[in-house]
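Each chain gets a letter, A, B and so on, in the order the sequences are listed, and its residues count up from 1. Because the structure is predicted, anything quoted here is derived from the model rather than measured.
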Protein chains: 2
Amino acid sequence: MMENSQIPDIAVSRLPVYLQTLNLLLREGTEVVSSQKLADLLGTTATQIRKDLSFFGGFGKQGSGYNVIRLHEALKDILHLNKIWKVALFGMGHLGQALLRYQGLARRGFEIVLAFDVNEAVIGKKINGMTVLNEAHLEQELKKQNVQIAILTVPAKDAQRLADRLVLSGIKAILSYAPITIKAPDNVQISYVEPVLQLQKMTFYLE
Amino acid sequence: MMENSQIPDIAVSRLPVYLQTLNLLLREGTEVVSSQKLADLLGTTATQIRKDLSFFGGFGKQGSGYNVIRLHEALKDILHLNKIWKVALFGMGHLGQALLRYQGLARRGFEIVLAFDVNEAVIGKKINGMTVLNEAHLEQELKKQNVQIAILTVPAKDAQRLADRLVLSGIKAILSYAPITIKAPDNVQISYVEPVLQLQKMTFYLE
DNA sequence: TTTTTAATGTAAAACCTATATACAATATTC
DNA sequence: GAATATTGTATATAGGTTTTACATTAAAAA
């Protein structure tokens, strides 16, 4: 087992992927899985999985493999997923509304507790049972609820200014759909969802 | 300049990010930018940008930097973005519908020309001017229009079977929102949009 | 015009990280 | 009790990133 700081970031990125597949196995009722079987399902290698897991301890049993329930629980612990994380959503355009209606977030422990916009036309409206609040008052709402995670679906030009306010209000992780690099202190996690960039990368290899 | 195959994949991934910032500069009317300025905007280093670009040729001018218009054009060429790519969209749930209404895809050269679902309740309906087609007939429609790119917002359990059919129908790139690993031949590009996994990674570093 | 400054492009080295290989140790199965 | 399967880890290899260095060229200043 190791200090968080010396664990390769990319290994951490793979844990949620492993967790995903374990979820699948769990629902199928599979009780034990080998690193090789897991690797086949994921299109990776058994060694990589074992190496990644070894940063956090030994979870398997020689000769048989990993108990699915136990490894699943272990990964949830490691990733701090044994609690419900409150999430604030910013931007109530088509994408924001789709996210608000998406069940997959709550199902995996990310509960949207606040929804904001700047547009008077949507503020006060109820979407999926949630009243859209005025972004002007985000500070008090975030602090009242002690929210640590924000999802941004606002226009690129507004993202940085919003992020600055969020950081001041105690937000510690931002998932942004805005096509722009956001600057924040090192202790704030930032991650981008950029489907268009992914398409643009793939076209490089086409034709 | 180099063969595609010997260019690091991660360097290719960064080109769309550079392109994004060049777009921004273009709109601002900036004519020339140095690798250092670009690096500051992106939170990376000047050397890395120059190194990445050097795989594809020399685009700058000593003493001044890069002509924004020229570099922008060059990157678009490299990434094969000087054409309109036809895209087929699968799954007309909240997310699929949001994507259909999203202007950013068409604006950057990805035109959704086909929208499919399996649900009788949506098939035949018009969404954002596009008639939803029956997934049962995807083969003929894809071939008729010669579509090479597909976006999947279908349930995880249906993704692999659908992908298999898509590959047989000539699809060469798949962008999947389904939380599952898709297997396909090496000549087919696959990329995943997985906001929940990104959240799950960030929570590792929280608290 | 000459000098100084700024910036690219590339080469080489050093470093870091990820991946693959190998294998001892151990559990399970036959 | 022997054969097989599988983990966990040590070691080697490969690959990417970062740093340093610098020749070259363009622009700005003197």
>> Measuring only between side-chain heavy atoms, which start at C-beta, is A/Gln200 closer than 4.5 Å to B/Leu81?
In response: yes

> For the residue pair A/Lys183 and B/Leu41, what are the closest heavy atoms and their distance?
Replying inline: NZ-O, 2.9 Å

>> Please give me the minimum heavy-atom distance between B/Ala136 and B/Arg165, naming the atom from each residue.
In response: O-NH2, 3.2 Å

>> Could you check whether any side-chain N or O of B/Asp52 sits under 3.5 Å from a backbone N or O of B/Ala11, counting only pairs where one atom can act as donor and the other as acceptor?
In response: no

> Expressed in angstrom and rounded to an integer, what is the separation of A/Ile49 atom CD1 from D/dT6 atom P?
Replying inline: 13 Å

>> Under 4.0 Å, counting only non-hydrogen atoms across every strand here, what does A/Leu53 touch: a base, just sugar-phosphate, or nothing?
In response: nothing

>> Quick check for you: to the nearest 0.5 Å, what is the distance between B/Leu162 atom CG and B/Phe90 atom CZ?
In response: 5.5 Å

> Between atom CD1 in A/Ile10 and atom P in D/dT17, what is the gap in whole Å?
Replying inline: 10 Å

> What is the ring orientation for A/Phe204 with B/His80, classed by angle as parallel under 30°, tilted 30 to 60°, or perpendicular over 60°?
Replying inline: parallel

>> Distance check needed: D/dG16 P versus B/Asp9 CG, whole Å only.
In response: 9 Å

> Quick one: A/Phe55 CZ to D/dA10 P, roughly how many Å, whole number?
Replying inline: 12 Å

>> Using a 4.0 Å cut-off on heavy atoms, which residues in residues 31-40 of chain B reach DNA chain C? List them by number, or say none.
In response: B/Ser34, B/Ser35

> Once each nucleotide of nucleotides 20-30 of chain C is scored for protein heavy atoms under 4.0 Å, what B/S/- sequence comes out, 5' to 3'?
Replying inline: SBB--BBBS--

> Would a distance-only check, ignoring hydrogens and angles, find a side-chain to backbone donor-acceptor pair under 3.5 Å from A/Ser13 to A/Asp9?
Replying inline: yes

> Within the pair B/Tyr66 and C/dA6, is there a side-chain N or O less than 4.0 Å away from OP1 or OP2?
Replying inline: no

>> Output the rounded distance in Å from CG (A/Leu71) to P (D/dT6).
In response: 15 Å

>> Could you report the tightest heavy-atom contact between B/Leu152 and B/Ala159, atom names first, then the distance?
In response: CD2-O, 4.3 Å

> Rounded to whole angstrom units, what separation is found between the CG atom of A/Asp52 and the C1' atom of C/dT17?
Replying inline: 12 Å

>> From CZ of B/Arg70 over to P of C/dT8, roughly how many Å is that when rounded to an integer?
In response: 13 Å

> If you look at every heavy atom in B/Ile171 and B/Val188, which pair is closest and at what distance?
Replying inline: O-CG2, 3.9 Å

> Which of the following nucleotides, D/dT17, D/dT9, C/dA18, is nearest to the side chain of A/Pro8?
Replying inline: C/dA18

